[in-house]
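To find a chain, count down the sequence lines: A is the first, B the second, and so on, and within it residues start at 1.
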There are 2 protein chains.
Amino acid sequence: MSRETPSGDELLAVLAALASPHRLRIVAALAEGRSYVSALARRLRMNRPLLYMHLQKLEAAELVVGTLETAPDGSSVKWFDLAPFALTLTPQTIAAAVPTLTVPGQKDEDSQ
Amino acid sequence: MSRETPSGDELLAVLAALASPHRLRIVAALAEGRSYVSALARRLRMNRPLLYMHLQKLEAAELVVGTLETAPDGSSVKWFDLAPFALTLTPQTIAAAVPTLTVPGQKDEDSQ
DNA sequence: CCAACCTGTCAGCATTATCTGACAGGGGGG
DNA sequence: CCCCCCTGTCAGATAATGCTGACAGGTTGG
């Protein structure tokens, strides 16, 4: 679901999710194929709970999809797939998204 | 200079710079035309030193250009212009940028 | 001299984000 | 039983950000 014009909040969520070296690396790793938490932790050499947290942030931003696959025997593995996203960052796309940012009281008044 | 393939660090810098509601709003405001610190602070209703800091971050990421214009009489105003940027965010572009991230020791080893 | 406009910089506080080790619980198998 | 694999969650330490009021210094104009 590569949206044309994301809402301000969605845009912000995606940006915040990607603004981290760890999470960028996670995305890059998943671009080569699905994986699961423990394997990824070994591969990227990072603490598992830490990776877990980062994956949750990516998932919250809908950049990644995690599915807990419980085998017939009962053992479970949580697979993570990269969501196919694509967004363009330009002054125009940002200006278009900003008005829909939900925050307290902010208004435009004078210019110049 | 809308780069085709930004380095990992550049990408990260831009993402980090934009991952803030304030800074998104600043970019949107500047998209309507140049302005200077005090005027922008009034317009966006935010603390001037705070805005100043955000502008510096945007400038560091090269999303914004500030020029201190000292009039012939000596009074000075620092104008900020939006830099014409454009970058596309997809799993591919990210995967392409990640290998050039400069951080301590990280390597890829096994997969799956 | 005082007021109003501008820029730039600080110390210090408040709030988030990041990161770690440890734990609980679920599955196999030897 | 013990050992190894997996998931998920916590408290708590540490580091990074965000934010504020106040100050110094420059100019113009009444």
Residues in side chain to side chain contact (heavy atoms under 4.5 Å, CB included) contact with [X], at least two apart in sequence or another chain:
| X | answer |
| --- | --- |
| B:A28 | A:A95, A:V98 |
| A:A19 | B:L15, B:A16, B:A19 |
| A:V77 | A:Y36, A:W79 |
| B:V14 | B:L18, B:L63, B:L87 |

Heavy-atom check, side chain of [X] versus side chain of [Y], under 4.5 Å:
| X | Y | result |
| --- | --- | --- |
| A:I94 | A:T90 | no |
| B:S75 | B:T70 | no |
| A:T100 | A:D9 | no |
| A:P91 | B:F85 | yes |
| A:S76 | A:E69 | no |

OP1, OP2 of [N] versus side-chain N and O of [X]: anything below 4.0 Å?
| X | N | answer |
| --- | --- | --- |
| B:H22 | D:dC19 | yes |
| A:S38 | D:dT7 | yes |
| B:K78 | C:dC6 | no |
| A:R42 | D:dC6 | yes |
| A:Y36 | D:dT7 | no |

(Q) By the salt bridge (Lys or Arg N to Asp or Glu O under 4.0 Å) test, which pairs, at least two apart or in different chains, include something from residues 76-95 of chain B? (A)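 Passing the test, one end in residues 76-95 of chain B: B:R34-B:D81.
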Using atom [atom1] of [X] as one end and atom [atom2] of [N] as the other, report the distance to the nearest whole Å.
| X | N | atom1 | atom2 | answer |
| --- | --- | --- | --- | --- |
| B:L18 | D:dT17 | CG | P | 15 Å |
| A:L12 | C:dA17 | CG | C1' | 15 Å |
| A:I26 | C:dT18 | CD1 | P | 11 Å |

Q. How does the hydrophobic cluster around A:L68 look, that is, which other residues are in it when side-chain heavy atoms under 4.5 Å mark a link?
A.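 Direct or chained contacts put A:L68 with none.
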Q | Transitive ILVMFWY cluster of A:L50, excluding itself - 4.5 Å side-chain cut-off | A |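 Grouped by the 4.5 Å side-chain rule, A:M53 form the rest of the cluster around A:L50.
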Q) So which pairs with a foot in residues 45-78 of chain A pass ring-ring contact (aromatic ring centres under 6.0 Å, His included), sequence neighbours left out? A)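 Only A:H22-A:H54 qualify under ring-ring contact (aromatic ring centres under 6.0 Å, His included).
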Protein N or O to nucleotides 27-30 of chain C N or O, pairs below 3.5 Å:
from: C:dG27; atom 1: O3'; to: A:D73; atom 2: O; distance (Å): 3.3

Q. Going by heavy atoms closer than 4.0 Å, what residues in residues 47-60 of chain A are next to DNA chain D?
A.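 Correct list: A:R48, A:P49, A:Y52.
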Close N/O contacts between protein and nucleotides 12-14 of chain D (under 3.5 Å):
none

Q | the helix from C:dC1-D:dG30 to C:dG30-D:dC1: angle between end helix axes, five pairs per end, rounded to 10 degrees | A |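 End axes: 10° apart.
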